[in-house]
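Below is one structure; the comments refer to it alone.
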Amino acid sequence: MRYAVISDVHSNLEALEAVLSSIEEERVDAIVSLGDIVGYGADPVECISIMREMEPVVSLVGNHDHASVGRTDISYFNINARRAVIWTMEHIGEDDVGYLEGLPLVGHIDRTVLVHASLVNPSEWNYILTGEAASICFDRMDENICLTGHSHSPVIFSEESYYIPREGKELELKKGKYIVNVGSVGQPRDGDPRSRYVIYDSSRRMVSYRAVEYDIEGAREKIIKAGLPHVLGDRLLFGH
Ligand code: ZN
């Protein structure tokens with residue numbers, strides 16, 4: 001099966017639309033979403049509505065989704081993230097809340113495990129930024145491949161090392177276990193402001209990263225107009 005894997009849309013409608021039209025050209029069998037549909041951006045309702053219509057084969061919950069329906073404590077969020085969560089709570093409807101509440105923490109496709117943050121207590125939203133954090137997650141994996149998001153930075157961890165992937169190249173996940181962070185659609189943080197997603201071919205164990213240009217200025221202006229912290233819009237320009 002050939003999947004398009006998206007994560008961390010973060011209410012960025014311009015980015016989501018650009019990514020979906022790129023995916024249309026990829027002839028995938030299904031779409032997978034690894035969570036954080038909302039938070040930070042100005043279009044939570046529209047992004048949830050697109051996700052619902054699209055019916056990804058798996059759609060997971062992220063920490064901002066959880067927080068926006070009152071299920072995750074926001075005291076550990078930074079001030080701007082917290083303000084965005086509160087703003088999102090005030091702007092989404094009952095149906096949106098119901099959808100977000102129904103999303104699972106962990107999913108599976110073709111001997112591949114899917115999680116927003118880490119398999120180590122998924123609802124604690126631990127980051128996998130180091131080999132040590134990856135190795136604790138590897139210990140929890142019955143499958144050989146884990147697809148994840150949360151840090152907004154594309155990276156592939158093997159059991160020995162890690163690799164920062166470039167877009168376009170097909171990468172074969174050879175023998176052994178891997179954690180593949182697909183990056184963020186709506187708020188990249190690796191210094192490249194383009195939207196990211198991954199094409200994952202489960203039978204060939206291949207991943208290929210995509211980077212998509214979108215109307216960053218449009219998304220930024222909406223954030224500022226909505227009364228959200230300006231920094232949440234400004235950071236889109238730089239991808240950090
Ligand atoms: Zn996120």
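Numbering of ligands and ligand atoms starts at 1, following listing order. Values in this document were obtained by computation on a predicted structure and should not be read as measured data.
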*SB check Glu26 Arg2 (cutoff 4.0 Å)*: yes
*asked:* Under a 4.0 Å threshold between the charged nitrogen and the carboxylate oxygen, would Lys177 count as salt-bridged to Glu143?
replied: no
*Decide if atom CD of Glu124 counts as having more than 12 heavy atoms of other residues, nucleotides or ligands within a radius under 6.0 Å.*
yes
*asked:* Atom CZ of residue position Arg111 - does it have more than 12 heavy atoms of other residues, nucleotides or ligands inside 6.0 Å?
replied: no
_Atom of Asp36 nearest the Zn ion (ligand 1) (restricted to N/O/S, atom name only)_ = OD2
*Of all N/O/S atoms in Asp8, the name of the one nearest the Zn ion (ligand 1)*: OD1
_His64 near the Zn ion (ligand 1) via N/O/S, less than 2.8 Å_ = no
_Under 2.8 Å: N/O/S of His152 next to the Zn ion (ligand 1)_ = yes
